Novice: 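Okay, handing you the structure first.
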Number of protein chains: 2
Amino acid sequence: MDASILTIQPTSPEPIYRQIVEQLRRLIAGGQLTPGEKLPSVREVAGFHAVNPMTVSRAYGLAESEGLLERQRGKGMVVATGQGISRSENERMQLLEPHLHETARQARELELPADEVVRRLQQLLGE
Amino acid sequence: MDASILTIQPTSPEPIYRQIVEQLRRLIAGGQLTPGEKLPSVREVAGFHAVNPMTVSRAYGLAESEGLLERQRGKGMVVATGQGISRSENERMQLLEPHLHETARQARELELPADEVVRRLQQLLGE
DNA sequence: CCAAGTGTATTGTTGTATTGATACACATGG
DNA sequence: CCATGTGTATCAATACAACAATACACTTGG
């Protein structure tokens with residue numbers, strides 16, 4: 001598995017290890033990472049993105065304790081069986097809910113017409 | 001002015017002072033806070049939301065250096081003249097852009113159909 | 001078997017961010 | 001004039017994130 005599946009923004013205020021965990025959560029729920037699939041090794045990710053191996057390890061560890069990943073001693077990390085298999089669209093949508101609520105809140109504070117906001121999002125999703 | 005215009009989530013990883021600044025930015029751009037309008041005092045906000053006065057002061061200070069607020073020594077903070085007056089819808093939309101991009105990214109990672117996401121946002125905006 | 005590959009525990013250091021407590025300078029209204 | 005209201009400078013205390021350098025336990029392929 002290529003280390004390029006993960007996107008890391010070192011400048012973001014969002015800590016790197018959390019960026020990784022949340023991305024894994026979505027990629028697995030969305031089926032782009034399937035149960036049993038092998039993840040890029042800690043050192044591979046660390047080298048590719050120029051971050052500390054322990055930072056990646058921390059992310060993997062959290063993902064494991066969350067049930068997203070399974071550890072295979074001596075081999076590597078693997079997407080947990082039982083994850084992602086039959087995630088209904090509804091379940092996946094719930095992972096987006098908090099973000100959408102925040103979007104709505106900000107739009108209201110900006111007094112932006114709903115139509116405009118919706119249209120812009122639609123445009124972005126079409127790319 | 002009531003301290004309740006501001007919403008603060010103490011549990012959020014987003015630091016409090018930044019929550020305040022960004023909210024001010026939107027409330028002013030959206031016209032819910034108008035130029036010359038007096039803001040709730042540092043101690044008022046701090047008391048109401050049970051945070052440290054210096055945290056609020058820091059937010060106000062940043063907002064001032066950003067040109068959002070003006071300081072009237074001994075009196076208080078006021079929405080800067082020249083702010084918000086004729087913020088075009090386009091300008092306001094740009095304040096939402098980064099958030100919308102992130103929404104699109106997450107939706108793609110979740111492999112959610114654009115229609116569903118758009119529909120849900122529309123629903124949230126209608127409330 | 002053993003070299004090379006996994007993840008990880010450990011310890012320490014660095015830089016930064018966030019919050020807090022206190023004291024201060026200023027302006028206003030009675 | 002002075003009590004009371006502004007905002008804030010200053011210093012300290014934490015907490016957090018990331019990095020660095022090791023060392024370890026494990027598995028696999030040659």
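Computed from a predicted model, the values in this text were never measured in an experiment. Order of the sequence lines fixes the chain letters, A, B, ..., with proteins taken first and strands second; residue numbering starts at 1 for each chain.
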Novice: Strictly below 4.0 Å: does Tyr17(B) bring a side-chain N or O up to OP1 or OP2 of dT19(C)?
Specialist: no
Novice: Under a 3.5 Å cutoff, is there a donor and acceptor pairing between the side chains of Asp2(B) and Ser4(B)?
Specialist: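 Side chains of Asp2(B) and Ser4(B): pair found under 3.5 Å.
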Novice: How many Å lie between CD on Glu70(B) and P on dT8(D), as a whole number?
Specialist: 13 Å
Novice: Between Glu97(A) and Arg120(B), is there a salt bridge with N-O shorter than 4.0 Å?
Specialist: yes
Novice: Could you tell me which non-hydrogen atom of Val42(A) sits nearest to which non-hydrogen atom of Val56(A), and how far apart they are?
Specialist: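 Scanning both residues completely, I find the closest heavy atoms to be CA-CG1, 4.0 Å.
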Novice: Search all heavy atoms of Leu68(A) against all heavy atoms of Ile28(A) and return the closest pair with its distance.
Specialist: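 Smallest interatomic distance, heavy atoms only, reads O-CD1, 3.9 Å.
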Novice: Atom NZ of Lys38(B) and atom P of dA27(C): how far apart are they, to the nearest Å?
Specialist: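 Atom-to-atom, Lys38(B) to dA27(C), this comes out as 16 Å.
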Novice: How long is the line joining CD of Glu64(B) and C1' of dG7(D), in whole Å?
Specialist: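 After rounding, the reported distance stands at 10 Å.
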Novice: Please check the phosphate of dT8(D) (OP1 and OP2 only) for any side-chain N or O of Ser57(B) closer than 4.0 Å.
Specialist: yes
Novice: Select one nucleotide: of dA17(D), dT6(C), dT8(C), the one nearest the side-chain heavy atoms of Arg18(A).
Specialist: dA17(D)
Novice: In whole angstrom, what separates Leu69(A)'s CG from dT8(C)'s C1'?
Specialist: 15 Å
Novice: Give a yes/no on whether any side-chain N or O of Arg71(B) is located under 4.0 angstrom from OP1 or OP2 of dT8(D).
Specialist: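 Answer is yes, contact under 4.0 Å.
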Novice: Strictly below 4.0 Å: does Tyr60(A) bring a side-chain N or O up to OP1 or OP2 of dT8(C)?
Specialist: no
Novice: In terms of the nearest nucleotide of DNA chain D, which residue is placed more toward the 5' end: Gly61(B) or Pro53(A)?
Specialist: Gly61(B)
Novice: What is the separation between atom CG on Leu39(A) and atom C1' on dG5(C), rounded to the nearest whole Å?
Specialist: 16 Å
Novice: Nearest to the side chain of Val42(A), which nucleotide is it out of dA18(D), dG7(C), dG7(D)?
Specialist: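 It is dG7(C).
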Novice: State which of dT18(C), dT8(D), dT19(C) makes the closest approach to the side chain of Asn52(B).
Specialist: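 The answer is dT19(C).
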Novice: In this structure, how many angstroms lie between the P atom of dA21(C) and the CZ atom of Arg58(B), rounded?
Specialist: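 For the pair Arg58(B) CZ and dA21(C) P, the rounded distance is 16 Å.
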Novice: Quick check: on DNA chain D, is the nucleotide nearest Gln72(A) upstream (toward 5') of the one nearest Ile16(A), or the reverse? Name the residue that is more 5'.
Specialist: Ile16(A)
Novice: Establish whether Phe48(B) and Met77(B) are linked, either directly or via other cluster members, by ILVMFWY side-chain heavy-atom contacts under 4.5 Å.
Specialist: no
Novice: Given dC19(D), is OP1 or OP2 found less than 4.0 Å from the side-chain N or O atoms of Thr55(A)?
Specialist: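 Yes, such a contact exists.
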Novice: If you check every side-chain atom of Met54(A), which of dA21(C), dT27(D), dT8(C) has the closest atom?
Specialist: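 Minimum distance to the Met54(A) side chain belongs to dT8(C).
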Novice: Does the base of dG7(C) carry an N or O that pairs as donor and acceptor with the side chain of Arg43(A) under 3.5 Å?
Specialist: yes
Novice: Please determine, for the side chain of Lys75(A), which listed nucleotide (dT27(D), dG7(C), dG7(D)) has the closest atom?
Specialist: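 The nucleotide sitting nearest to the side chain is dT27(D).
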Novice: Starting at atom CG of Leu62(B), determine the distance to atom C1' of dT18(C), rounded to an integer number of angstrom.
Specialist: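 Nearest whole value for this atom pair: 13 Å.
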